[in-house]
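Only one structure is covered here, and it is reproduced in the block below.
Labels below follow one simple rule: chain letters A, B, ... track the order of the sequence lines, proteins then strands, and each chain is numbered from 1.
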There are 2 protein chains.
Amino acid sequence: MLSNSSKYAIKGVLYLALNSDEDHKVMVRDMHGVVHVPEAYLAKLLQELSRHGVISSTRGPKGGFFLSKEDRKRSLMDIVKVIDGEKRVKSCVLGVKDCDTDQPCVLHKLVGANKSKFIKVLENTTILDLIEGKRDVEEFFPV
Amino acid sequence: MLSNSSKYAIKGVLYLALNSDEDHKVMVRDMHGVVHVPEAYLAKLLQELSRHGVISSTRGPKGGFFLSKEDRKRSLMDIVKVIDGEKRVKSCVLGVKDCDTDQPCVLHKLVGANKSKFIKVLENTTILDLIEGKRDVEEFFPV
DNA sequence: CATAAAAAGGATAAAAATGTCTTTTAATCT
DNA sequence: AGATTAAAAGACATTTTTATCCTTTTTATG
């Protein structure tokens, strides 16, 4: 449903939400250890997110990745869409091509409801929602 | 969350539920087209399920795969466990090592509830549950 | 303007998932 | 018993996902 890459990306963005803003950009070098994602791979993912405007970045000295005010209003689905593509996330549980609510497959009724909720959560939860009230970084990335 | 292989396997077992019993075994050759899974790959998956006692099979002429009365009482999770392993299905949404209800990660509270329900459905739904009232094979495998 | 710092981009490598093929084993039928 | 049939088993191939490395481009700063 969610690839590891998407999970990595979400972790990365959460880190940025907690540790960055326009004036405090962070380098991949300084975050990959905390979120437990390989440095080069995390860089790739963040670059992809930046390219699609989901997060922000600047190059050169004092550069790095960060979240603008606007970025924080992004939903989790915005991240997943860039990394996995919408199709993959929303695909039928049984992977049947034209399965939807009109022509549901067997499992659709059983599991589909849960899946829909899952997707709604991804769509309706912003980065801001996720971190509110949280300050302890470690709490987010136990391993 | 569920690999394609698991989905394939579930489709295969559903087909067997609708089209087989102790006296009417079915060969992979005759089912792969209907469930839209590559023949050799479906064979492999069914063999794996059979080896683990989730479905039944006999070799030779008149042989094939089938579901016994007992097999039909198996849950979807029994299938998924064999193909994906329990670990994969139940692993934390963010893939953090020791994340559970005691030490939940950020997403756990948001998405975890849905995931738990999803798993409960897999655990509590038997093959029999799935097919009850259904007779039209095609209805199950739209693509 | 030179330099160094940092992301961007592209090529490559490793691992996992998916898919195919061939041989072996067991059951059935003549 | 022998021939045939179908799953079982395992080797092999392909594709996708995950991961690394190296070069290029951009940018802040002295």
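By the 4.5 Å heavy-atom criterion applied to side chains, A:Tyr8 and A:Ile83 are not counted as neighbours. Residues A:Met31 and A:Leu42 are in side-chain contact: their nearest non-hydrogen atoms beyond the backbone lie under 4.5 Å apart. Side-chain contact between A:Tyr15 and A:Val34 is present, with at least one heavy-atom pair separated by less than 4.5 Å.
Residue B:Ser5 places at least one side-chain N or O under 4.0 Å from the OP1 or OP2 atom of C:dT18. An OP1 or OP2 oxygen of C:dA6 is reached within less than 4.0 angstrom by no side-chain nitrogen or oxygen of A:Ser57.
Pairs of residues two or more places apart, or lying in two chains, never qualify as salt bridge (Lys or Arg N to Asp or Glu O under 4.0 Å) while including a residue from residues 19-37 of chain B. Sorted by first and then second residue, the salt bridge (Lys or Arg N to Asp or Glu O under 4.0 Å) pairs involving residues 40-55 of chain A (not counting sequence neighbours) are A:Glu48-A:Arg51. Sorted by first then second residue, the salt bridge (Lys or Arg N to Asp or Glu O under 4.0 Å) pairs that include residues 78-92 of chain B, not counting sequence neighbours, are B:Arg74-B:Asp78, B:Glu86-B:Lys90, B:Lys90-B:Glu123.
Distance check, rounded to the nearest 0.5 Å: OG1 of A:Thr58 to CZ of A:Phe66 gives 6.0 Å.
In terms of position along DNA chain C, the nucleotide closest to B:Arg88 lies nearer the 5' end than the nucleotide closest to the other residue of the pair B:Arg88 and B:Pro38. In this structure, A:Ser3 and A:Lys62 both approach DNA chain D, and ranking their closest nucleotides by distance from the 5' end singles out A:Ser3.
A:Arg59 has its CZ atom 9 Å from the C1' atom of C:dA6, to the nearest Å. The distance between atom NE2 of A:His32 and atom P of C:dA7, rounded to the nearest whole Å, is 13 Å. At whole-Å resolution of the value, NE2 in A:His52 and C1' in C:dA8 are 14 Å apart. Regarding B:Lys25, its NZ atom lies at a distance of 16 Å from the P atom of C:dA26, rounded to whole Å. We find that CE of A:Met27 is positioned 10 Å from P of C:dA5, with the value rounded to whole Å.
DNA chain D lies under 4.0 Å from at least one heavy atom of each of the following residues of residues 39-49 of chain A: A:Ala40, A:Tyr41, A:Lys44. Residues from residues 63-82 of chain A with heavy atoms under 4.0 angstrom of DNA chain D: there are none.
Counting 5' to 3', DNA chain D first comes under 4.0 angstrom of a heavy atom of chain A and last does so at the ends given by D:dT17 to D:dT29.
Two different hydrophobic clusters hold A:Leu45 and A:Met27 under the rule that ILVMFWY side chains link at heavy-atom gaps under 4.5 Å. Under a hydrophobic clustering in which Ile, Leu, Val, Met, Phe, Trp and Tyr are joined whenever their side-chain heavy atoms come within less than 4.5 Å, directly or via other members, B:Val82 and B:Met77 fall into the same cluster.
For B:Ser5 and B:Tyr41, the side-chain atoms include at least one donor-acceptor pair closer than 3.5 Å.
As judged by a 4.0 angstrom heavy-atom cut-off over every strand, A:Val37 is placed among residues making no nucleic acid contact.
Side-chain N or O atoms of A:Ser50 include none that pairs as donor or acceptor with a backbone N or O of A:Leu46 at under 3.5 Å.
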